[in-house]
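Worksheet: the structure to be examined is printed underneath.
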Amino acid sequence: MEKTNIDSKFMHAALKLARKARTSPNPRVGAVIVKEGKIIAEGYHHGFGLPHAEIDALTKLKEGEAKDSTLYITLEPCSHFDKKTPPCTDAIIKAGIKKVIIGCMDENPKVNGLEDLKKNGIDVEILNDQKCHELNEGFFHWIKTGQPFVLLKLAMTLDGRIATKTGDSKYVTNEQARTISYSWRTIYDAILVGINTILIDDPRLTTRTSGVENPARIIVDGYLRIPLTAKVLFPSARRIIATTEKCDREKKKKLEELGVEILIVKETGEGFIDLKELFAKLGEMGIASVIVEGGSEIATTVLEHNLANKGAFFIAAQILGNGKNAFEGKGVEKMKDAWRLKKLVIRKIQDDVLIEGYF
């Protein structure tokens, strides 16, 4: 087997482990230790404050077993101290690992693991693997900007409707498409919807996967119209409501008694809040990635203010003729001014189509 295929095989194994990680606001990382062509240990970062992937793998070996081995790791090892765990480069050097193959570089400016390893005579190779980078694109964006990485997700018909004229939206897409959508909730820190979505659909906004942590739920509700019995308020995840100074103060107190976090955000008119300010506040709270799911009003505002980093649009092969548009707003006057997606990935999901790309 050629070297490139061997590296791809072992990095794929490390990436598979990394996808298990639930570590926000830290990056998701997986590692395998290889000796004489075989994996002798594997690990991943299990959670914030817990041992990093390479340490998790090393602890499964006896002293001296890692000597002259090769470490495959999806992200550049850390080398700094201002965190809950010591530098991973120290443990790699001490273990006698001969070579480290890195999936992608860490864009956190505090990390300089590459140089640490080289200075200590360890052979280092960087694969610049796109899948390794995409796994932590939210973290990279947050660490560089202080803002969460935003995925704008919508399901619509061929004529761009997200609901019928009576408001019925269950379901625009098929079950397999919905399963894919739910799986994204397991890797994003939070899911954001508007109050109308809560009032109309009363969703739980969970992963629908047993044993997997639910994302934080963020509701945009300028006047706190949310019912205290809303399913989204059930305490199986962090609950955040973004509202305005004009909110119902008695309701605010009751919600806080339920453990709901209330964020007061500047009003932009008719009870709607400044989403740019909200995302800045969420970034400060350590929320590194957000899925925007709910409603044409929210979707339009995110689009018009250039707040989305990535788009995911499920298109169902059906036509309503009339109904709720996916987007409202003023729109653009010329085609050259349209919002465009780049780096497209297009998939057929049974009789639906999924279009993903970056703004």
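Of all heavy-atom pairs spanning K231 and P203, the tightest one is CB-O, 3.9 Å. Among all heavy-atom pairs drawn from I262 and K252, the shortest one is CG2-CE, 3.9 Å. Of all heavy-atom pairs spanning D129 and C104, the tightest one is O-CB, 4.3 Å. Taking every heavy atom of both residues into account, F234 and R239 meet most closely at O-CD, 3.7 Å. Scanning both residues, H45 and A21, for their nearest heavy atoms gives O-CB, 3.1 Å. Smallest separation of non-hydrogen atoms from A31 and I73: CB-CD1, 4.1 Å.
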Between F279 and V292, does a side chain to side chain contact (heavy atoms under 4.5 Å, CB included) hold up when you go through it step by step? CA-CA 11 Å; F279 286 137; V292 174; 4.2 Å; yes

Starting from the C-alpha separation in whole Å, work towards a yes-or-no answer on side chain to side chain contact (heavy atoms under 4.5 Å, CB included) for T268 and T301. CA-CA 11 Å; T268 58; T301 303; over 6 Å; no

Does the side chain to side chain contact (heavy atoms under 4.5 Å, CB included) test come out yes or no for F10 and T70, once each step is laid out? CA-CA 10 Å; F10 291 128; T70 298; over 6 Å; no

Go through S181 and K153 one step at a time and tell me if the side-chain hydrogen bond (donor to acceptor under 3.5 Å, both in side chains) criterion holds. CA-CA 8 Å; S181 178; K153 189 230 99 178; 3.1 Å; yes

Set out, in order, the CA-CA distance, both residues' side-chain angles and the distance that settles side-chain hydrogen bond (donor to acceptor under 3.5 Å, both in side chains) for R19 and T186, then state yes or no. CA-CA 10 Å; R19 291 194 177 105; T186 68; over 6 Å; no

Test side chain to side chain contact (heavy atoms under 4.5 Å, CB included) on E134 and K310; report intermediate values, then the result. CA-CA 11 Å; E134 286 177 2; K310 189 175 184 178; 5.6 Å; no

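Under a hydrophobic-cluster definition in which Ile, Leu, Val, Met, Phe, Trp and Tyr are linked whenever side-chain heavy atoms come within less than 4.5 Å, directly or via other members, L15 and I101 are assigned to different clusters. Under the 4.5 Å side-chain heavy-atom criterion for ILVMFWY residues, a single connected hydrophobic cluster contains both L71 and L58. Note on I264 and I240: separate hydrophobic clusters, where clusters join Ile, Leu, Val, Met, Phe, Trp and Tyr whose side-chain heavy atoms are under 4.5 Å apart, directly or indirectly. L224 and V265 fall into different hydrophobic clusters, defined by Ile, Leu, Val, Met, Phe, Trp and Tyr side-chain heavy atoms under 4.5 Å apart, directly or through other members. Cluster membership check: I355 does not share its hydrophobic cluster with I180, using side-chain heavy-atom separations under 4.5 Å among Ile, Leu, Val, Met, Phe, Trp and Tyr.
Note: I143 CD1 to D106 CG = 8.0 Å, rounded to the nearest 0.5 Å. We find the CD1-CG distance between I219 and L205 to be 7.0 Å, quoted to the nearest 0.5 Å. Here the OG-CZ distance, from S183 to R178, works out to 13.5 Å after rounding to the nearest 0.5 Å. Atoms CE and CG, on M156 and D352 in that order, are 12.0 Å from each other to the nearest 0.5 Å. Expressed to the nearest 0.5 Å, how far CG of N325 lies from OG1 of T300 amounts to 9.0 Å. If you take CG on L282 and CG on L263, they are separated by 6.5 Å, rounding to the nearest 0.5 Å.
Between the D202 side chain and the A230 main chain, no donor and acceptor come within less than 3.5 Å of each other. With hydrogens and angles ignored, the 3.5 Å screen pairs a side-chain donor or acceptor of K35 with a backbone N or O of K67. Counting only distance, with no hydrogens or angles, the side chain of E76 and the backbone of L114 share a donor-acceptor pair below 3.5 Å. Distance alone, capped at 3.5 Å, places no donor-acceptor pair between the K165 side chain and the L320 backbone. Within the 3.5 Å criterion, the main-chain N or O of E277 finds a donor-acceptor partner in the side chain of D274. Not a single donor-acceptor pair under 3.5 Å links the side chain of D351 to the backbone N or O of A317. Of the possible donor and acceptor atoms, none in the side chain of S296 sits under 3.5 Å from a partner among the backbone N and O of A326. No donor-acceptor distance shorter than 3.5 angstrom exists from the side chain of D68 to the backbone of K98, with no hydrogens or angles considered. The backbone N or O of I226 lies less than 3.5 Å from a partner atom in the side chain of D221, making a donor-acceptor pair. Using a distance-only test at 3.5 Å, with no hydrogens or angles considered, no donor-acceptor pair links the side chain of T207 to the main chain of N214.
A 4.5 Å side-chain heavy-atom check between V220 and L275 finds at least one atom pair inside the cut-off. Within the 4.5 Å cutoff, side-chain heavy atoms of R28 are placed close to those of R22. Looking only at side-chain heavy atoms (C-beta outward), D7 and Y72 come within less than 4.5 Å of each other. Using a 4.5 Å heavy-atom threshold, the side chains of I315 and L158 count as touching. In this structure, the side chains of W142 and S289 stay at 4.5 Å or more apart for every pair of heavy atoms. A heavy-atom distance below 4.5 Å is not found between the side chains of K60 and I40. At a threshold of 4.5 Å between non-hydrogen side-chain atoms, the residues P227 and L199 count as touching. For the pair I298/F272, a side-chain contact is recorded, criterion being any heavy-atom separation below 4.5 Å from C-beta on.
Taking the six-membered ring where the residue is Trp, the centroids of F314 and W184 are separated by under 6.0 Å. When ring centroids are compared, H46 and Y44 come within the 6.0 Å threshold.
Between H133 and F140, the ring planes lie tilted relative to each other; the angle falls in the 30° to 60° range. Between F149 and H141, the ring planes are perpendicular. Angles over 60° get that label, and only those under 30° would be called parallel.
Checked options R217, K281, R238; the residue passing with E261 is R238 (criterion: salt bridge (Lys or Arg N to Asp or Glu O under 4.0 Å)). None of N196, I198, D248 except one satisfies the side-chain contact (heavy atoms from CB on, under 4.5 Å) rule with R225; the exception is N196. The side chain to side chain donor-acceptor pair (under 3.5 Å) with Y358 is formed by just one residue from the set K343, E137, K342; it is E137.
Looking at E356 and R347, a side-chain N of the basic residue comes within less than 4.0 Å of a carboxylate O on the acidic one, giving a salt bridge. Note on D159 versus R161: salt bridge recorded, some NZ/NE/NH1/NH2 to OD/OE distance being below 4.0 Å.
Environment of CD in E333: sparse, with no more than 12 heavy atoms of neighbouring residues, nucleotides or ligands closer than 6.0 Å. For NZ of K254, the number of neighbouring non-hydrogen atoms (other residues, nucleotides, ligands) closer than 6.0 Å is 12 at most. Remark: K276 NZ is loosely packed, at most 12 non-hydrogen atoms of other residues, nucleotides or ligands lying under 6.0 Å away. Crowding of E107 atom CD: a count of heavy atoms from other residues, nucleotides or ligands under 6.0 Å exceeding 12.
A side-chain donor-acceptor contact under 3.5 Å links D189 and S24. Between the side chains of Y223 and E267, a donor-acceptor pair is found at a separation under 3.5 Å.
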